[in-house]
**Q** 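Dropping the structure in here first, questions after.
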Amino acid sequence: MTTIDSAKANLSGRSFLTLKDFSEKEIHYLIELAGYLKSMKKAGIPHRYLSGQNIALLFEKPSTRTRCAFTVACSDLGAHAEYLGKHDIQLGKKESVRDTAAVLGRMFDGIEFRGFHHETVEELAAHAGVPVWNGLTDQYHPTQVLADFLTIKEQIGKLKGVKLVFTGDGRNNVANSLLIGGAKIGMDIRICTPKELFPSKEIITYATEEAQQSGGNIMVTEKIADAVPGADVIYTDVWVSMGEEEKFAERIAQLLPYQVNRKMVETSGNDHLVFLHCLPAFHDLHTQVGKDVHQKFGITEMEVTDEVFQSKHSFVFDQAENRLHTIKALMAATNGKD
Ligand code: CP
């Protein structure tokens with residue numbers, strides 16, 4: 001990389017399955033590199049660090065941002081992206097994940113995987129012989145959190161000490177990844193959710209130990225009054241993740257008090273509060289699911305009100321754009337040639 005000191009981190013050939021895989025210094029390096037690649041893209045300067053490479057994009061679940069970010073990042077980096085959807089290959093059905101990994105590793109220079117079981121991406125990484133990047137599993141969504149960190153750095157100017165409240169399903173893949181990544185880089189991460197949706201003990205223990213090393217802080221609470229005052233960032237996600245569609249009634253009952261609305265924004269006491277959401281979001285009735293939920297449960301908005309989503313606090317589309325720049329940095333750092 002020309003203006004980035006690549007000695008800061010040697011990520012070459014490494015996979016990225018969770019934020020546990022990279023150190024604090026390596027995460028900062030990726031965010032810095034993403035900002036640099038973003039400025040190159042805006043200036044129209046070519047940055048074909050993966051020139052001539054072939055990248056496999058495996059998707060068991062649907063995606064807008066992750067698929068498009070990997071595809072456009074490949075194109076900008078000079079690589080060819082090959083999309084392989086759930087009906088295109090035999091992954092785990094007529095061919096084992098291990099054998100599929102070995103075959104793809106002979107043909108491709110890197111593999112992205114989005115799917116259900118985290119064990120699948122671990123198996124791919126163990127047997128592909130090329131870098132494997134986790135584009136979301138039921139347990140983790142690490143590339144999302146790289147984009148979140150870039151967005152926070154752009155809006156607040158730093159990451160260390162930033163108070164981020166995640167409100168919603170505190171056990172989902174985004175919450176898990178924010179806890180791990182935020183703890184590693186010294187943020188003050190507050191998971192605000194009902195007791196029955198607290199993150200696992202294993203993740204809380206890991207994050208607490210990391211926070212002790214980095215000077216960060218971890219709070220897991222069901223009390224909005226403990227988590228939200230003084231927040232720099234409020235972050236939420238859908239209440240029902242992909243594959244859990246039968247849970248709408250239960251989650252609406254549990255999480256309606258944790259909706260990000262005007263009252264919660266005011267509770268932060270921060271006029272410069274940043275609102276983030278990994279998207280897609282249920283903030284109005286312009287989706288089929290939103291209409292179905294309205295018909296069944298009588299609510300017009302779920303995890304965030306349209307008022308907050310459209311407000312000056314909302315940086316959700318910067319955050320979505322930053323998926324591109326951070327995924328590009330990840331691929332360039334782990335697979336790129338200087
Ligand atoms: N945030 C996110 O992962 O979006 P997609 O599901 O559209 O990829």
Side-chain angles (χ1 to χ4, degrees), residues 16-19 30-31 34 38 55-76 81-86 88 110-118 120-121 132-152 154 164 166-182 233-245 260 274-284 286-290 302-304 309 314-331:
F16 185 50
L17 309 187
T18 92
L19 282 138
L30 284 175
I31 304 306
K38 184 172 182 175
I55 305 296
L57 307 181
L58 274 53
F59 281 82
E60 287 180 339
K61 292 181 179 182
S63 166
T64 299
R65 279 144 290 272
T66 310
R67 176 178 175 177
C68 296
F70 270 99
T71 304
V72 175
C74 283
S75 173
D76 288 354
E82 184 67 25
Y83 177 81
L84 299 164
K86 66 176 179 180
D88 296 324
I111 300 168
E112 178 276 352
F113 172 79
R114 163 173 288 205
F116 293 92
H117 306 299
H118 192 69
T120 307
V121 78
V132 172
W133 307 295
N134 180 0
L136 178 148
T137 58
D138 287 347
Q139 225 169 329
Y140 298 112
H141 198 359
T143 62
Q144 175 66 52
V145 168
L146 294 179
D148 304 340
F149 288 169
L150 177 59
T151 312
I152 293 166
E154 287 173 343
L164 182 149
F166 179 91
T167 176
D169 177 3
R171 305 167 310 169
N172 82 6
N173 45 23
V174 172
N176 287 343
S177 298
L178 284 167
L179 256 182
I180 292 170
V233 180
I234 294 181
Y235 193 131
T236 192
D237 189 5
V238 291
W239 289 342
V240 174
S241 296
M242 283 180 267
E244 296 186 322
E245 284 72 15
V260 182
V274 171
F275 169 70
L276 297 180
H277 191 307
C278 54
L279 304 181
F282 294 114
H283 59 96
D284 58 23
H286 298 309
T287 63
Q288 193 53 57
V289 172
M302 282 193 264
E303 69 275 9
V304 58
F309 190 87
S314 179
F315 292 90
V316 296
F317 295 114
D318 296 81
Q319 184 185 8
E321 179 192 332
N322 284 339
R323 299 296 310 282
L324 168 64
H325 308 299
T326 44
I327 280 170
K328 194 185 285 182
L330 174 67
M331 289 200 290

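Keep in mind it's a predicted model, so treat the numbers as computed, not measured. Just follow the structure's listing: the first ligand is 1, and inside any ligand the first atom is 1.
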**Q** Please work out, at 4.0 Å between heavy atoms, whether the side chain, the backbone, both, or neither of K61 comes within that distance of ligand 1.
**A** neither
**Q** Please work out whether the ring planes of F275 and F309 are parallel, tilted or perpendicular, with thresholds of 30° and 60°.
**A** perpendicular
**Q** Considering heavy atoms of the protein only, find what lies nearest to atom 4 (O) of ligand 1 and give residue, atom and distance to 0.1 Å.
**A** R65 NE, 2.9 Å
**Q** Could I get the full list of side-chain contact (heavy atoms from CB on, under 4.5 Å) partners for S75, not counting sequence neighbours?
**A** none
**Q** Tell me the closest heavy-atom pair linking T167 and T236, and the distance in Å.
**A** O-OG1, 2.7 Å
**Q** For ligand 1, which atoms have a heavy atom of T64 less than 4.0 angstrom away?
**A** 5 (P), 7 (O), 8 (O)
**Q** Are Y140 and H118 an aromatic pair by the rule of ring centers under 6.0 Å?
**A** yes
**Q** For atom 1 (N) of ligand 1, tell me which residue out of C68, S63, C278 has the closest non-hydrogen atom.
**A** C278
**Q** Mind running side-chain contact (heavy atoms from CB on, under 4.5 Å) on R114 and R67 for me, showing each step along the way?
**A** CA-CA 9 Å; R114 163 173 288 205; R67 176 178 175 177; over 6 Å; no
**Q** Short list, please: which atoms of ligand 1 are under 4.0 Å from a heavy atom of L279?
**A** 1 (N), 2 (C), 4 (O)
**Q** Which protein heavy atom lies closest to atom 3 (O) of ligand 1, and at what distance to 0.1 Å?
**A** H141 NE2, 2.8 Å
**Q** Considering only protein heavy atoms, which is closest to atom 2 (C) of ligand 1, and at what distance to one decimal place?
**A** R323 NH1, 3.3 Å
**Q** Answer yes or no for R114: is there a heavy-atom contact with ligand 1 below 4.0 Å?
**A** yes
**Q** Does a side-chain N-to-carboxylate-O contact under 4.0 Å join K61 and D138?
**A** yes
